[in-house]
Novice: 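Structure incoming, see below.
Each ligand, and each atom within it, is numbered from 1 in the order the structure gives. As a basis for the values below, the full set of heavy atoms in this structure was taken, side chains included, without hydrogen atoms, waters or symmetry mates.
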Amino acid sequence: MFDKVLIANRGEIALRIHRACQEMGIATVAVHSTADEHAMHVRLANECVCIGPPSSQDSYLNIPAIISAAEITGADAIHPGYGFLSENDKFAEIIAEHKIEFIGPSAEHIRLMGDKISAKEVVKKLGIPVVPGSDGEVADITKAKKIADKIGYPVIVKAAAGGGGRGMKVVHSANELESAIQSCKKEAAASFGDAAVYLEKFLTLPRHIEFQVIADKYGNVCHLGERDCSLQRRHQKVLEEAPSPALNSDEQSRMGDIVSKAIKGLGYVGVGTIEFLYENGEFFFIEMNTRLQVEHPITEMITGIDIVREQIRIAAGLPLSFRQEDIKFSGHAIECRINAEDPFTFMPSPGKIKDYHAPGGLDVRVDSAIYSGYSIPPYYDSMIAKLIVHGKTRNECLMRLRRALAEYVIDGIKTTIPLHQSLIREPDFINGAYDIHWLENYLKSIK
Ligand code: MV4
């Protein structure tokens with residue numbers, strides 16, 4: 001096992017990783033920008049290294065500075081968390097060249113899944129259902145028109161190097177197709193340095209359902225069930241739940257098995273998430289994420305598995321500590337992402353937290369690195385806490401979530417707590433009757 005892990009991240013996820021390390025007897029190194037001197041992950045880590053000025057580009061994305069910090073402190077491994085360098089194949093490669101372990105999949109697998117065209121192609125071959133569309137890149141407009149006619153409008157043009165909602169255009173009729181492809185290519189070339197685009201049938205009212213997988217270096221693969229992440233605003237998830245209120249346990253285990261087989265066929269090692277659109281009882285693969293995700297705690301709550309601990313064990317060459325048969329899905333979990341923002345305009349609201357009281361009690365978990373007196377810097381993502389609640393049933397989970405949200409005090413700044421309080425009282429939410437567009441429509445309706 002590693003003696004020392006460098007955490008190449010900040011905020012709640014840096015703290016989450018620190019906690020897993022401490023429980024495994026592993027020392028931690030925090031790296032931080034000058035804006036994060038007083039951050040909780042820096043205060044709790046066994047060692048810390050300042051790696052640059054506030055701008056992420058010069059600190060949390062500064063590969064030479066992070067590698068130097070690992071060399072100076074003698075860290076055996078680097079955990080990238082999510083965001084920042086977590087899906088940067090070059091970073092994974094450079095770490096390996098320095099004989100340091102990257103706590104994540106191989107650089108090759110990161111690269112493969114980073115290109116949405118190659119990702120789709122490879123998972124399709126491995127038996128995962130994909131959205132009907134072009135087989136690979138569309139370059140020729142005549143061919144593109146033929147494909148679109150065949151699958152039927154509306155279609156969506158997506159950048160191969162996009163993902164997470166970046167570089168996409170919906171096309172409603174043949175006469176818009178050429179200009180959509182052209183503008184999508186131009187944007188993709190400018191934003192990602194790769195102009196390749198592909199076509200898909202546009203699904204109008206799907207849910208976003210993703211499967212968590214985990215694989216060790218010995219070919220053992222398990223799925224940890226699914227999460228429903230349909231409640232999003234501008235491609236930012238707001239609230240996630242596990243299991244999905246739309247699936248029955250047969251659909252869950254059938255899709256879980258398909259996903260596990262594919263991941264084994266890929267030779268993938270580490271944790272990963274396979275994203276699907278789910279419409280009319282059918283799954284369609286869209287993307288695979290090769291990182292630990294923000295919403296991993298809801299999966300931990302229904303499986304009892306410490307995903308970060310497993311991730312570290314896998315990187316250290318240990319086998320998974322369970323088999324698929326050992327995993328029992330138990331109850332229901334919901335995560336509310338709490339952002340330092342106005343709850344209804346979403347204007348960022350950084351500043352000093354004057355008073356802080358986190359909820360607690362049975363089956364209530366708060367993942368956050370904030371504290372009373374802490375000043376939220378304006379330079380980074382506005383998510384400051386995750387409230388995660390578990391219950392034996394979805395209804396019990398909802399009642400507990402209401403109670404926990406009512407207890408939560410974060411004074412001095414605006415937060416999205418009031419949004420969650422109203423959201424979870426909406427009949428459609430209570431009934432689990434929502435799709436990927438529901439939240440934006442709801443926000444419009446209350447304006
Ligand atoms: C789609 C789609 C409909 N049809 N693909 C948005 C983010 C990226 N991961 C994929 N996205 C979508 N791809 C087809 N063929 C609709 C979306 C989409 C979406 C997906 C998941 C969650 C929220 C979303 C909001 C708008 C659009």
Novice: Please verify the inter-ring angle class for Y380 with F84; under 30° counts as parallel, over 60° as perpendicular, anything in between as tilted.
Specialist: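 Ring orientation of Y380 relative to F84: perpendicular.
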Novice: Does the pair R234/E440 count as a salt bridge with the N-to-O cut at 4.0 Å?
Specialist: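 Judged by the 4.0 Å cut-off on N to carboxylate O distance, R234 and E440 do not form a salt bridge.
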Novice: Report the residues that fulfil side-chain hydrogen bond (donor to acceptor under 3.5 Å, both in side chains) with T345, sequence neighbours left out, ordered by chain and then residue number.
Specialist: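 If we apply the side-chain hydrogen bond (donor to acceptor under 3.5 Å, both in side chains) test to T345, skipping adjacent residues, the hits are D342.
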Novice: Looking at residues at least two apart in the chain, or sitting in another chain, which of them share a side-chain hydrogen bond (donor to acceptor under 3.5 Å, both in side chains) with E241?
Specialist: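 Counting only residues at least two positions away or on another chain, E241 forms a side-chain hydrogen bond (donor to acceptor under 3.5 Å, both in side chains) with H332, R394, Y434.
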Novice: Under a strict 4.0 Å criterion on non-hydrogen atoms, which protein residues are in contact with ligand 1?
Specialist: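 Only V131, I156, K158, G164, G165, M168, E200, K201, F202, L203, H208, Q232, H235, E275, L277, I286, E287, I436 have heavy atoms that fall under 4.0 Å of ligand 1, ordered by chain and number.
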Novice: Would you list the pairs meeting salt bridge (charged side-chain N to carboxylate O under 4.0 Å, His left out) in which at least one residue belongs to residues 124-137, sequence neighbours left out?
Specialist: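 Non-adjacent pairs meeting salt bridge (charged side-chain N to carboxylate O under 4.0 Å, His left out): K124-D135, E137-K185.
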Novice: Can you tell whether the side chains of K237 and E210 come within less than 4.0 Å, N to carboxylate O?
Specialist: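 Yes.
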